[in-house]
Protein chains: 2
Amino acid sequence: MIKVLIVDDHEVVRQGLRFVLDQEEGIEVVGECPDGGRALAAVRALRPSVMLLDMVMPGMDGLEVLRRLGPDRPAVIVLTSFQEDERVVAAVRLGALSYLPKTTAVDRVVEAVRAAARGGSVLEPGIAALLVRQVRRGERRSRLDALTPREREVLTALAKGRSNGEIARSLSLGKETVKTHVSSILAKLGVADRTQAAIVGLQQGLVPLDEALLEADGSQE
Amino acid sequence: MIKVLIVDDHEVVRQGLRFVLDQEEGIEVVGECPDGGRALAAVRALRPSVMLLDMVMPGMDGLEVLRRLGPDRPAVIVLTSFQEDERVVAAVRLGALSYLPKTTAVDRVVEAVRAAARGGSVLEPGIAALLVRQVRRGERRSRLDALTPREREVLTALAKGRSNGEIARSLSLGKETVKTHVSSILAKLGVADRTQAAIVGLQQGLVPLDEALLEADGSQE
DNA sequence: GAGGCCCTCCCCCCGCGGAGGGAGGGGAAA
DNA sequence: TTTCCCCTCCCTCCGCGGGGGGAGGGCCTC
(Lines give C-alpha, C1' and ligand atoms only; values in the text may rest on other atoms or scores of the structure.)
Protein backbone atom coordinates (compact mmCIF):
# COMPACT_ATOMS: atom_id res chain seq x y z
CA MET A 1 0.00 0.00 0.00
CA ILE A 2 1.46 3.35 -1.06
CA LYS A 3 0.69 5.99 1.55
CA VAL A 4 0.33 9.42 -0.07
CA LEU A 5 0.35 12.86 1.51
CA ILE A 6 -1.10 15.75 -0.51
CA VAL A 7 0.25 19.24 0.12
CA ASP A 8 -1.42 22.10 -1.71
CA ASP A 9 -3.05 25.32 -0.63
CA HIS A 10 -5.87 24.92 -3.14
CA GLU A 11 -8.70 22.89 -1.75
CA VAL A 12 -10.02 22.13 -5.22
CA VAL A 13 -6.68 20.64 -6.19
CA ARG A 14 -6.51 18.54 -3.05
CA GLN A 15 -10.02 17.26 -3.64
CA GLY A 16 -9.24 16.48 -7.25
CA LEU A 17 -6.04 14.60 -6.43
CA ARG A 18 -7.64 12.67 -3.60
CA PHE A 19 -10.56 11.80 -5.84
CA VAL A 20 -8.25 10.47 -8.53
CA LEU A 21 -5.81 8.64 -6.27
CA ASP A 22 -8.45 7.04 -4.08
CA GLN A 23 -9.79 5.28 -7.12
CA GLU A 24 -6.45 3.59 -7.68
CA GLU A 25 -5.61 0.21 -6.25
CA GLY A 26 -2.73 0.05 -3.85
CA ILE A 27 -2.74 3.79 -3.24
CA GLU A 28 -4.08 5.39 -0.11
CA VAL A 29 -4.26 9.10 0.60
CA VAL A 30 -3.34 9.36 4.27
CA GLY A 31 -3.53 13.12 4.60
CA GLU A 32 -3.87 16.57 3.09
CA CYS A 33 -2.14 19.78 4.11
CA PRO A 34 -2.79 23.34 2.97
CA ASP A 35 0.67 24.66 3.86
CA GLY A 36 4.30 23.78 4.43
CA GLY A 37 4.37 23.91 8.21
CA ARG A 38 1.58 21.40 8.59
CA ALA A 39 3.15 19.30 5.86
CA LEU A 40 6.34 18.80 7.87
CA ALA A 41 4.31 17.83 10.93
CA ALA A 42 2.20 15.44 8.87
CA VAL A 43 5.30 13.78 7.44
CA ARG A 44 6.53 13.05 10.96
CA ALA A 45 3.13 11.88 12.18
CA LEU A 46 1.87 9.92 9.21
CA ARG A 47 5.10 8.63 7.63
CA PRO A 48 3.78 8.71 4.07
CA SER A 49 5.86 7.01 1.42
CA VAL A 50 5.05 9.58 -1.24
CA MET A 51 4.37 13.29 -0.94
CA LEU A 52 2.68 15.37 -3.62
CA LEU A 53 4.02 18.85 -3.02
CA ASP A 54 2.88 22.19 -4.39
CA MET A 55 5.54 24.85 -4.87
CA VAL A 56 3.51 28.00 -4.47
CA MET A 57 1.96 28.23 -1.02
CA PRO A 58 1.40 30.95 1.54
CA GLY A 59 3.82 30.83 4.44
CA MET A 60 6.37 28.10 3.94
CA ASP A 61 6.60 27.26 0.26
CA GLY A 62 7.50 23.98 -1.41
CA LEU A 63 11.22 24.64 -1.70
CA GLU A 64 11.46 25.40 1.99
CA VAL A 65 9.62 22.18 2.80
CA LEU A 66 12.12 20.26 0.67
CA ARG A 67 14.98 21.94 2.50
CA ARG A 68 13.62 21.07 5.91
CA LEU A 69 12.73 17.48 5.25
CA GLY A 70 14.75 15.10 7.39
CA PRO A 71 16.93 12.28 6.06
CA ASP A 72 14.20 9.60 6.01
CA ARG A 73 11.96 11.66 3.84
CA PRO A 74 9.10 10.42 1.71
CA ALA A 75 9.58 10.35 -2.05
CA VAL A 76 8.60 13.81 -3.21
CA ILE A 77 6.70 14.65 -6.37
CA VAL A 78 6.58 18.35 -7.03
CA LEU A 79 3.32 19.37 -8.63
CA THR A 80 3.17 23.00 -9.57
CA SER A 81 1.06 25.41 -11.54
CA PHE A 82 3.70 26.86 -13.75
CA GLN A 83 7.14 26.10 -14.99
CA GLU A 84 9.66 28.41 -13.46
CA ASP A 85 13.08 27.49 -14.65
CA GLU A 86 15.04 27.97 -11.46
CA ARG A 87 12.47 26.37 -9.24
CA VAL A 88 12.57 23.20 -11.28
CA VAL A 89 16.31 22.92 -10.93
CA ALA A 90 16.22 23.92 -7.29
CA ALA A 91 13.56 21.32 -6.51
CA VAL A 92 15.43 18.58 -8.32
CA ARG A 93 18.62 19.54 -6.48
CA LEU A 94 16.77 19.33 -3.19
CA GLY A 95 15.76 15.78 -3.91
CA ALA A 96 12.43 15.94 -5.71
CA LEU A 97 11.97 12.80 -7.80
CA SER A 98 9.44 14.13 -10.25
CA TYR A 99 8.42 17.61 -11.23
CA LEU A 100 5.05 17.78 -12.89
CA PRO A 101 3.08 20.78 -14.08
CA LYS A 102 -0.53 20.66 -12.99
CA THR A 103 -1.49 20.52 -16.64
CA THR A 104 -0.32 16.92 -16.55
CA ALA A 105 -2.93 14.29 -17.35
CA VAL A 106 -4.16 12.56 -14.21
CA ASP A 107 -2.91 9.15 -15.23
CA ARG A 108 0.59 10.59 -15.45
CA VAL A 109 0.21 11.71 -11.87
CA VAL A 110 -0.80 8.21 -10.84
CA GLU A 111 2.13 6.87 -12.80
CA ALA A 112 4.46 9.28 -11.02
CA VAL A 113 3.15 8.20 -7.63
CA ARG A 114 3.79 4.54 -8.41
CA ALA A 115 7.21 5.36 -9.82
CA ALA A 116 8.10 7.47 -6.80
CA ALA A 117 7.21 4.63 -4.46
CA ARG A 118 9.89 2.61 -6.28
CA GLY A 119 12.30 5.53 -6.23
CA GLY A 120 11.75 6.29 -9.90
CA SER A 121 11.09 9.54 -11.75
CA VAL A 122 8.51 10.64 -14.22
CA LEU A 123 9.53 13.68 -16.20
CA GLU A 124 7.28 15.52 -18.58
CA PRO A 125 9.05 16.21 -21.89
CA GLY A 126 8.68 19.94 -21.33
CA ILE A 127 10.31 19.73 -17.92
CA ALA A 128 13.12 17.58 -19.24
CA ALA A 129 13.80 20.18 -21.92
CA LEU A 130 13.81 22.87 -19.24
CA LEU A 131 16.39 20.97 -17.23
CA VAL A 132 18.63 20.60 -20.24
CA ARG A 133 18.30 24.25 -21.16
CA GLN A 134 19.00 25.25 -17.59
CA VAL A 135 22.13 23.17 -17.38
CA ARG A 136 23.37 24.60 -20.63
CA ARG A 137 22.77 28.05 -19.26
CA GLY A 138 24.88 27.23 -16.25
CA GLU A 139 27.53 29.88 -16.77
CA ARG A 140 25.06 32.66 -16.25
CA ARG A 141 24.01 31.21 -12.95
CA SER A 142 27.60 30.91 -11.85
CA ARG A 143 27.94 34.62 -12.37
CA LEU A 144 25.16 35.10 -9.90
CA ASP A 145 26.99 32.87 -7.45
CA ALA A 146 29.88 35.30 -7.64
CA LEU A 147 27.77 37.88 -5.85
CA THR A 148 28.34 38.40 -2.15
CA PRO A 149 25.32 38.04 0.16
CA ARG A 150 25.00 41.79 0.47
CA GLU A 151 25.16 42.25 -3.25
CA ARG A 152 22.48 39.64 -3.71
CA GLU A 153 20.29 41.59 -1.30
CA VAL A 154 20.84 44.74 -3.30
CA LEU A 155 20.13 42.96 -6.56
CA THR A 156 16.89 41.66 -5.09
CA ALA A 157 15.79 45.17 -4.23
CA LEU A 158 16.94 46.27 -7.65
CA ALA A 159 14.78 43.65 -9.30
CA LYS A 160 11.80 45.08 -7.46
CA GLY A 161 12.34 48.34 -9.27
CA ARG A 162 13.72 50.34 -6.39
CA SER A 163 16.06 53.31 -6.76
CA ASN A 164 19.40 53.58 -4.99
CA GLY A 165 17.92 55.92 -2.42
CA GLU A 166 15.06 53.56 -1.63
CA ILE A 167 17.43 50.63 -1.37
CA ALA A 168 19.66 52.60 0.96
CA ARG A 169 16.72 53.37 3.22
CA SER A 170 15.34 49.85 3.21
CA LEU A 171 18.70 48.34 4.07
CA SER A 172 19.75 51.17 6.39
CA LEU A 173 22.78 52.10 4.35
CA GLY A 174 24.34 55.19 2.90
CA LYS A 175 23.42 55.64 -0.74
CA GLU A 176 27.13 55.69 -1.58
CA THR A 177 27.37 52.16 -0.24
CA VAL A 178 24.47 51.11 -2.40
CA LYS A 179 26.16 52.65 -5.41
CA THR A 180 29.30 50.68 -4.63
CA HIS A 181 27.33 47.46 -4.47
CA VAL A 182 25.42 48.26 -7.64
CA SER A 183 28.65 48.95 -9.50
CA SER A 184 30.17 45.62 -8.54
CA ILE A 185 26.91 43.85 -9.35
CA LEU A 186 26.94 45.33 -12.84
CA ALA A 187 30.56 44.30 -13.27
CA LYS A 188 30.04 40.76 -11.99
CA LEU A 189 26.92 40.17 -14.04
CA GLY A 190 28.50 41.75 -17.08
CA VAL A 191 25.54 44.01 -17.78
CA ALA A 192 25.38 47.67 -18.70
CA ASP A 193 22.89 49.23 -16.32
CA ARG A 194 20.50 48.65 -13.45
CA THR A 195 17.62 47.73 -15.72
CA GLN A 196 19.55 44.84 -17.22
CA ALA A 197 20.66 43.79 -13.75
CA ALA A 198 17.03 43.83 -12.62
CA ILE A 199 16.10 41.60 -15.54
CA VAL A 200 18.82 39.11 -14.60
CA GLY A 201 17.57 39.14 -11.02
CA LEU A 202 14.03 38.43 -12.21
CA GLN A 203 15.21 35.70 -14.57
CA GLN A 204 17.12 34.02 -11.78
CA GLY A 205 14.05 34.12 -9.60
CA LEU A 206 15.41 36.39 -6.89
CA VAL A 207 12.01 37.99 -7.06
CA PRO A 208 8.93 36.33 -8.55
CA LEU A 209 7.89 38.43 -11.52
CA ASP A 210 4.41 39.09 -10.21
CA GLU A 211 5.73 40.43 -6.92
CA ALA A 212 8.24 42.74 -8.52
CA LEU A 213 6.61 46.14 -8.17
CA LEU A 214 4.05 45.34 -5.50
CA GLU A 215 5.77 46.62 -2.42
CA ALA A 216 7.48 49.36 -4.33
CA ASP A 217 4.46 51.52 -3.77
CA GLY A 218 2.57 49.30 -1.37
CA SER A 219 4.89 50.08 1.51
CA GLN A 220 3.91 53.66 1.86
CA GLU A 221 0.17 53.24 1.88
CA MET B 1 -30.85 24.00 -13.38
CA ILE B 2 -27.62 26.01 -13.51
CA LYS B 3 -25.49 24.92 -16.45
CA VAL B 4 -21.80 25.31 -15.68
CA LEU B 5 -18.81 25.28 -18.02
CA ILE B 6 -15.37 24.69 -16.52
CA VAL B 7 -12.35 26.21 -18.26
CA ASP B 8 -8.93 25.35 -16.85
CA ASP B 9 -5.80 23.85 -18.31
CA HIS B 10 -5.21 21.71 -15.23
CA GLU B 11 -7.02 18.43 -15.44
CA VAL B 12 -6.82 17.95 -11.68
CA VAL B 13 -8.58 21.25 -11.11
CA ARG B 14 -11.28 20.41 -13.62
CA GLN B 15 -11.85 17.04 -11.99
CA GLY B 16 -11.96 18.61 -8.56
CA LEU B 17 -14.46 21.27 -9.56
CA ARG B 18 -16.65 18.84 -11.44
CA PHE B 19 -16.57 16.49 -8.47
CA VAL B 20 -17.63 19.25 -6.09
CA LEU B 21 -20.26 20.86 -8.32
CA ASP B 22 -21.84 17.60 -9.44
CA GLN B 23 -22.70 16.85 -5.83
CA GLU B 24 -24.73 20.05 -5.61
CA GLU B 25 -28.42 20.15 -6.32
CA GLY B 26 -29.56 22.33 -9.17
CA ILE B 27 -26.06 22.55 -10.65
CA GLU B 28 -24.98 20.66 -13.71
CA VAL B 29 -21.53 20.70 -15.24
CA VAL B 30 -22.18 20.70 -18.97
CA GLY B 31 -18.62 20.81 -20.16
CA GLU B 32 -14.90 21.22 -19.51
CA CYS B 33 -12.29 22.97 -21.63
CA PRO B 34 -8.52 23.00 -21.28
CA ASP B 35 -7.99 26.26 -23.20
CA GLY B 36 -9.55 29.50 -24.31
CA GLY B 37 -10.23 28.65 -27.91
CA ARG B 38 -12.27 25.61 -27.06
CA ALA B 39 -13.99 27.57 -24.32
CA LEU B 40 -15.39 30.08 -26.80
CA ALA B 41 -16.65 27.27 -28.99
CA ALA B 42 -18.18 25.52 -26.01
CA VAL B 43 -19.98 28.69 -24.93
CA ARG B 44 -21.62 28.92 -28.34
CA ALA B 45 -22.47 25.23 -28.47
CA LEU B 46 -23.52 24.54 -24.90
CA ARG B 47 -24.96 27.90 -23.81
CA PRO B 48 -23.90 27.54 -20.17
CA SER B 49 -25.32 30.02 -17.70
CA VAL B 50 -22.14 30.15 -15.63
CA MET B 51 -18.51 29.81 -16.68
CA LEU B 52 -15.67 29.06 -14.29
CA LEU B 53 -12.64 30.56 -16.01
CA ASP B 54 -8.95 30.16 -15.29
CA MET B 55 -6.70 33.13 -16.06
CA VAL B 56 -3.44 31.38 -16.78
CA MET B 57 -3.70 29.08 -19.74
CA PRO B 58 -1.54 28.19 -22.71
CA GLY B 59 -2.67 29.79 -25.95
CA MET B 60 -5.59 32.07 -25.37
CA ASP B 61 -5.67 33.12 -21.73
CA GLY B 62 -8.60 34.07 -19.55
CA LEU B 63 -8.49 37.79 -20.26
CA GLU B 64 -8.59 37.18 -23.99
CA VAL B 65 -11.57 34.86 -23.56
CA LEU B 66 -13.37 37.60 -21.63
CA ARG B 67 -12.59 40.06 -24.39
CA ARG B 68 -13.95 37.83 -27.09
CA LEU B 69 -17.13 36.76 -25.40
CA GLY B 70 -20.20 37.94 -27.27
CA PRO B 71 -23.00 40.07 -25.80
CA ASP B 72 -25.12 37.19 -24.52
CA ARG B 73 -22.33 35.76 -22.48
CA PRO B 74 -22.59 33.42 -19.53
CA ALA B 75 -21.93 34.79 -16.06
CA VAL B 76 -18.19 34.50 -15.59
CA ILE B 77 -16.41 33.53 -12.40
CA VAL B 78 -12.68 33.96 -12.65
CA LEU B 79 -10.82 31.33 -10.69
CA THR B 80 -7.11 31.79 -10.67
CA SER B 81 -4.01 30.56 -8.93
CA PHE B 82 -2.59 33.82 -7.75
CA GLN B 83 -3.64 37.36 -7.18
CA GLU B 84 -2.19 39.64 -9.76
CA ASP B 85 -3.37 43.15 -9.21
CA GLU B 86 -3.80 44.17 -12.81
CA ARG B 87 -5.47 41.00 -13.87
CA VAL B 88 -8.09 41.33 -11.18
CA VAL B 89 -9.04 44.79 -12.28
CA ALA B 90 -8.83 43.90 -15.94
CA ALA B 91 -11.06 40.86 -15.45
CA VAL B 92 -13.63 42.82 -13.49
CA ARG B 93 -13.64 45.52 -16.17
CA LEU B 94 -14.21 42.90 -18.81
CA GLY B 95 -17.30 41.73 -17.01
CA ALA B 96 -16.23 39.01 -14.60
CA LEU B 97 -18.73 38.77 -11.75
CA SER B 98 -16.53 37.06 -9.20
CA TYR B 99 -12.81 36.70 -8.91
CA LEU B 100 -11.75 33.87 -6.65
CA PRO B 101 -8.27 32.60 -5.83
CA LYS B 102 -8.03 28.83 -6.04
CA THR B 103 -7.26 28.80 -2.35
CA THR B 104 -10.93 29.52 -1.82
CA ALA B 105 -12.89 26.94 0.17
CA VAL B 106 -15.04 24.81 -2.11
CA ASP B 107 -18.32 25.90 -0.59
CA ARG B 108 -17.45 29.48 -1.47
CA VAL B 109 -17.05 28.34 -5.06
CA VAL B 110 -20.48 26.75 -4.97
CA GLU B 111 -21.83 29.93 -3.43
CA ALA B 112 -20.25 31.98 -6.19
CA VAL B 113 -21.81 29.76 -8.85
CA ARG B 114 -25.28 30.18 -7.37
CA ALA B 115 -24.74 33.92 -6.98
CA ALA B 116 -23.47 34.24 -10.54
CA ALA B 117 -26.56 32.49 -11.87
CA ARG B 118 -28.55 35.31 -10.26
CA GLY B 119 -26.13 37.93 -11.54
CA GLY B 120 -24.54 38.39 -8.14
CA SER B 121 -20.91 38.53 -7.05
CA VAL B 122 -18.92 36.76 -4.41
CA LEU B 123 -15.72 38.55 -3.53
CA GLU B 124 -13.07 37.19 -1.23
CA PRO B 125 -12.05 39.82 1.33
CA GLY B 126 -8.51 39.80 -0.01
CA ILE B 127 -9.67 40.42 -3.56
CA ALA B 128 -12.03 43.16 -2.45
CA ALA B 129 -9.14 44.90 -0.70
CA LEU B 130 -7.06 44.57 -3.85
CA LEU B 131 -9.77 46.18 -5.93
CA VAL B 132 -10.14 49.07 -3.55
CA ARG B 133 -6.40 49.61 -3.38
CA GLN B 134 -6.14 49.46 -7.14
CA VAL B 135 -8.91 51.93 -7.72
CA ARG B 136 -7.55 54.35 -5.15
CA ARG B 137 -4.18 54.13 -6.78
CA GLY B 138 -5.56 55.55 -9.99
CA GLU B 139 -5.53 52.37 -11.91
CA ARG B 140 -1.98 52.34 -13.17
CA ARG B 141 -0.97 49.11 -14.70
CA SER B 142 -4.06 48.07 -16.50
CA ARG B 143 -3.61 51.24 -18.50
CA LEU B 144 -1.18 49.49 -20.73
CA ASP B 145 -3.87 49.78 -23.37
CA ALA B 146 -3.54 53.54 -23.02
CA LEU B 147 -0.17 53.29 -24.75
CA THR B 148 0.03 54.17 -28.42
CA PRO B 149 1.44 51.52 -30.78
CA ARG B 150 4.75 53.32 -30.98
CA GLU B 151 4.97 53.60 -27.22
CA ARG B 152 4.28 49.93 -26.91
CA GLU B 153 7.16 49.23 -29.28
CA VAL B 154 9.44 51.38 -27.17
CA LEU B 155 8.28 49.71 -23.97
CA THR B 156 9.01 46.33 -25.53
CA ALA B 157 12.57 47.37 -26.30
CA LEU B 158 12.79 48.84 -22.83
CA ALA B 159 11.76 45.53 -21.29
CA LYS B 160 14.63 43.90 -23.15
CA GLY B 161 17.03 46.10 -21.21
CA ARG B 162 17.97 48.44 -24.02
CA SER B 163 19.17 52.02 -23.53
CA ASN B 164 17.58 55.00 -25.25
CA GLY B 165 20.41 55.11 -27.76
CA GLU B 166 20.02 51.45 -28.67
CA ILE B 167 16.27 51.83 -28.98
CA ALA B 168 16.73 54.84 -31.22
CA ARG B 169 19.04 52.89 -33.50
CA SER B 170 16.86 49.79 -33.61
CA LEU B 171 13.77 51.81 -34.47
CA SER B 172 15.59 54.32 -36.69
CA LEU B 173 14.67 57.29 -34.57
CA GLY B 174 16.37 60.26 -33.01
CA LYS B 175 17.17 59.63 -29.38
CA GLU B 176 15.14 62.71 -28.45
CA THR B 177 12.10 61.00 -29.91
CA VAL B 178 12.78 57.93 -27.84
CA LYS B 179 13.05 60.11 -24.76
CA THR B 180 9.69 61.65 -25.54
CA HIS B 181 8.12 58.22 -25.84
CA VAL B 182 9.77 56.99 -22.67
CA SER B 183 8.52 60.00 -20.76
CA SER B 184 4.92 59.47 -21.79
CA ILE B 185 5.23 55.76 -21.07
CA LEU B 186 6.38 56.50 -17.54
CA ALA B 187 3.53 58.96 -17.11
CA LYS B 188 0.89 56.61 -18.49
CA LEU B 189 2.07 53.64 -16.47
CA GLY B 190 2.48 55.75 -13.37
CA VAL B 191 5.97 54.47 -12.64
CA ALA B 192 9.10 56.30 -11.61
CA ASP B 193 11.83 55.15 -13.97
CA ARG B 194 12.70 52.92 -16.90
CA THR B 195 13.48 49.94 -14.70
CA GLN B 196 9.98 49.92 -13.27
CA ALA B 197 8.56 50.38 -16.75
CA ALA B 198 10.62 47.40 -17.93
CA ILE B 199 9.21 45.31 -15.10
CA VAL B 200 5.67 46.25 -16.07
CA GLY B 201 6.45 45.31 -19.65
CA LEU B 202 7.77 41.94 -18.54
CA GLN B 203 4.81 41.36 -16.26
CA GLN B 204 2.43 42.13 -19.10
CA GLY B 205 4.26 39.67 -21.27
CA LEU B 206 5.42 42.15 -23.90
CA VAL B 207 8.66 40.19 -23.75
CA PRO B 208 8.97 36.65 -22.42
CA LEU B 209 11.20 36.84 -19.37
CA ASP B 210 13.77 34.39 -20.68
CA GLU B 211 14.16 36.31 -23.92
CA ALA B 212 14.65 39.64 -22.22
CA LEU B 213 18.40 40.15 -22.39
CA LEU B 214 19.27 37.67 -25.09
CA GLU B 215 19.98 39.98 -27.96
CA ALA B 216 21.11 42.77 -25.69
CA ASP B 217 24.37 41.10 -24.74
CA GLY B 218 24.25 38.29 -27.23
CA SER B 219 25.50 40.75 -29.82
CA GLN B 220 28.72 41.58 -28.09
CA GLU B 221 29.76 38.27 -26.51
C1' DG C 1 -11.66 73.96 -42.09
C1' DA C 2 -10.81 73.32 -37.13
C1' DG C 3 -9.61 70.43 -33.57
C1' DG C 4 -7.64 66.17 -32.10
C1' DC C 5 -4.09 62.68 -31.48
C1' DC C 6 0.14 60.68 -32.98
C1' DC C 7 4.83 60.81 -34.39
C1' DT C 8 8.80 63.26 -34.95
C1' DC C 9 12.45 66.32 -33.32
C1' DC C 10 14.26 70.38 -30.75
C1' DC C 11 15.55 73.20 -26.52
C1' DC C 12 17.14 73.88 -21.50
C1' DC C 13 17.83 71.98 -16.91
C1' DC C 14 19.44 68.90 -13.48
C1' DG C 15 19.59 65.04 -10.61
C1' DC C 16 20.39 60.22 -10.44
C1' DG C 17 23.24 56.68 -11.84
C1' DG C 18 27.54 54.73 -12.92
C1' DA C 19 32.95 54.96 -13.41
C1' DG C 20 37.16 55.28 -10.86
C1' DG C 21 39.77 55.61 -7.00
C1' DG C 22 40.61 55.82 -1.97
C1' DA C 23 40.09 54.34 2.87
C1' DG C 24 39.09 52.19 7.32
C1' DG C 25 37.25 48.22 10.14
C1' DG C 26 36.34 43.42 10.60
C1' DG C 27 36.33 38.46 9.82
C1' DA C 28 38.31 34.30 8.00
C1' DA C 29 41.86 31.73 6.27
C1' DA C 30 46.81 31.25 5.21
C1' DT D 1 50.46 37.79 11.88
C1' DT D 2 49.69 38.65 7.41
C1' DT D 3 46.62 38.50 3.72
C1' DC D 4 42.47 38.80 1.47
C1' DC D 5 37.82 39.72 0.94
C1' DC D 6 33.67 41.93 2.46
C1' DC D 7 31.18 45.87 4.04
C1' DT D 8 30.97 50.45 4.84
C1' DC D 9 31.54 55.27 3.44
C1' DC D 10 33.87 59.19 1.06
C1' DC D 11 35.36 61.94 -3.19
C1' DT D 12 35.25 63.67 -8.14
C1' DC D 13 33.53 63.50 -12.81
C1' DC D 14 30.13 63.22 -16.35
C1' DG D 15 26.82 61.23 -19.32
C1' DC D 16 22.35 59.30 -19.59
C1' DG D 17 17.83 59.63 -18.25
C1' DG D 18 13.86 62.19 -17.20
C1' DG D 19 10.94 66.79 -16.55
C1' DG D 20 8.97 70.54 -18.98
C1' DG D 21 8.43 73.02 -22.45
C1' DG D 22 7.66 73.96 -27.78
C1' DA D 23 6.93 72.94 -32.74
C1' DG D 24 5.89 71.07 -37.29
C1' DG D 25 3.61 67.54 -40.25
C1' DG D 26 0.34 63.72 -40.95
C1' DC D 27 -3.90 61.63 -40.30
C1' DC D 28 -8.58 61.12 -38.81
C1' DT D 29 -12.91 62.99 -37.25
C1' DC D 30 -16.34 66.29 -36.53
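Chain letters run A, B, ... following the sequence lines, proteins first and then strands; every chain starts at 1. Just so you know, these numbers come straight off a predicted model, no measurement behind them.
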B/Glu176, nearest nucleotide to its side chain (from D/dC7, C/dC10, C/dA19): C/dC10
Take the protein atom CD of B/Glu153 and the nucleotide atom C1' of C/dC6, then report the distance between them rounded to whole Å. 13 Å
Rounded to the nearest angstrom, tell me the gap between atom NZ in B/Lys188 and atom C1' in D/dG19. 17 Å
Criterion salt bridge (Lys or Arg N to Asp or Glu O under 4.0 Å) on B/Glu111 and B/Arg114, from CA distance to verdict: CA-CA 5 Å; B/Glu111 195 182 324; B/Arg114 296 197 187 279; over 6 Å; no
Please report, rounded to the nearest Å, how far the P atom of D/dG17 is from the NZ atom of B/Lys179. 8 Å
Using whole Å, report how far CZ of B/Arg169 lies from C1' of D/dC16. 13 Å
Reckon B/Thr177 touches a base, only the sugar-phosphate, or nothing at all at heavy-atom distances under 4.0 Å? base
Rounded off to whole Å, could you give me the CZ-to-P distance for the B/Arg162 and D/dC16 pair? 18 Å
Of B/Arg194, B/Arg169, B/Lys175, which is the lone residue that meets side chain to side chain donor-acceptor pair (under 3.5 Å) with B/Asn164? B/Arg194
Expressed as a whole number of angstroms, how long is the span from B/Arg150:CZ to D/dC27:P? 15 Å
Rounded interatomic separation in angstrom, taking CD from A/Gln196 and P from D/dC16: 15 Å
From C/dA19, D/dG17, C/dC9, pick the nucleotide closest to the side chain of B/Ser163? D/dG17
From D/dC7, C/dA19, D/dC9, nucleotide with atom closest to A/His181 side chain: D/dC7
Can you confirm whether the side chains of B/Thr104 and A/Glu11 place a donor and an acceptor under 3.5 Å from each other? no
Nearest to the side chain of B/Leu173, which nucleotide is it out of C/dG17, D/dC9, C/dT8? C/dT8
Within the 4.5 Å heavy-atom criterion, are B/Met51 and B/Val43 side-chain neighbours or not? yes
Compare the minimum distances between each of D/dG18, D/dC9, C/dG18 and the side chain of A/Leu186, then state the nucleotide with the smallest one. C/dG18
Value in whole Å for how far the P atom of D/dT8 lies from CD of A/Glu151: 10 Å
If you only use heavy atoms from C-beta on, which nucleotide in C/dG17, D/dG18, C/dC7 is closest to the side chain of A/Asn164? C/dG17
Taking for each residue the nucleotide of DNA chain C bearing the nearest heavy atom, is the 5' side occupied by B/Ser172 or by A/Asp193? B/Ser172
Name the residue from A/Arg150, A/Lys179, A/Glu151 that meets the side chain to side chain donor-acceptor pair (under 3.5 Å) definition with A/Ser184. A/Glu151
Taking 4.0 Å as the cut-off, does a side-chain nitrogen or oxygen of A/Ser183 come that near to OP1 or OP2 on C/dA19? yes
Distance criterion of 3.5 Å, no angle test: do you see the side chain of A/Thr180 paired donor-to-acceptor with the base of D/dC9? yes
